[in-house]
Amino acid sequence: QSYCHRLQHDMYFLTSNSRLNEQVVDKIILQLNRVYPQILTNAEAEKFRNPKASLHTRLSDLIKHLQKKGERHCQEFYRALQINAEQLYNDLPSRKILKTTDSTEIDTDKEKYMLNDRGPVFFLACFSVAAGFALFWYCCNSDAKAIGRARRILGFSPIIIGRHVRNICMLYLEDISRN
């Protein structure tokens with residue numbers, strides 16, 4: 001969503017039930033007036049800070065004015081709102097929608113470093129299975145020298161692949177050497 005659409009969506013929330021008080025609105029207007037590039041001119045800032053008009057009217061006029069100005073102006077309004085009223089900024093309806101939609105999307109920065117969430121044990125298990133298949137492929141060779149080498153390797157392998165797996169491999173090698 002663009003910032004202008006988000007601001008349109010959040011307008012009712014911001015202007016209802018006196019969520020923003022006079023001081024916070026004045027701080028937001030002053031920040032928009034002082035930020036580079038200047039979002040509000042001095043005359044516009046004075047107009048929106050006019051204490052004779054109601055806060056609801058001033059805030060509504062400010063939001064409509066920023067929407068007419070464009071995307072950059074609406075973005076700066078959100079930045080000023082975040083700085084001056086962070087709790088209200090986090091409670092905005094558009095922020096809640098963004099949080100729920102973003103949670104289903106893939107975070108590409110995190111995805112670059114994390115291939116899966118199973119951890120190193122899963123990797124070691126898959127690697128062991130692949131190494132086991134490679135070892136069986138090597139052992140299936142009818143050459144007697146290859147079987148003798150495989151037996152030597154398997155003799156030292158209880159640390160790596162476990163006793164039960166080693167015993168099964170040794171039985172398999174004995175069956176191959178008999179045939």
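- A 4.5 Å side-chain heavy-atom check between Leu40 and Leu30 finds every atom pair outside the cut-off.
- Pairs passing the ring pair (Phe, Tyr, Trp, His ring centres under 6.0 Å) check and including a residue from residues 6-34, sequence neighbours excluded, do not occur.
- For His56, there are no ring-ring contact (aromatic ring centres under 6.0 Å, His included) partners, not counting sequence neighbours.
- The two residues Leu14 and Leu59 come nearest to each other via the heavy atoms O-CD2, 3.5 Å.
- Scored by the salt bridge (charged side-chain N to carboxylate O under 4.0 Å, His left out) test, Glu22 finds Arg58 as partners (sequence neighbours excluded).
- Contact of the Phe48 side chain with the Val25 side chain is not registered, since no non-hydrogen atoms from C-beta on lie closer than 4.5 Å.
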Item to complete: Show your reasoning for whether side-chain hydrogen bond (donor to acceptor under 3.5 Å, both in side chains) applies to Ser54 and Thr57.
Response: CA-CA 5 Å; Ser54 72; Thr57 306; 2.7 Å; yes
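- Glu44 has a carboxylate O that lies under 4.0 Å from a charged side-chain N of Lys69, or vice versa, which qualifies the two as a salt bridge.
- Taking 4.5 Å as the limit, every side-chain heavy atom of Gln31 sits out of range of all side-chain heavy atoms of Glu76.
- In this structure a side-chain-to-backbone donor-acceptor pair under 3.5 Å is present from Asn84 to Ala80.
- Between Tyr3 and His73, the ring centre distance reaches or exceeds 6.0 Å.
- Using bins of under 30°, 30° to 60° and over 60° for the plane-to-plane angle, the ring pair Tyr78/Tyr89 lands in the perpendicular bin.
- In terms of modelled atom types and a separation under 3.5 Å, the side chain of Asn33 and the main chain of Thr41 share a donor-acceptor contact.
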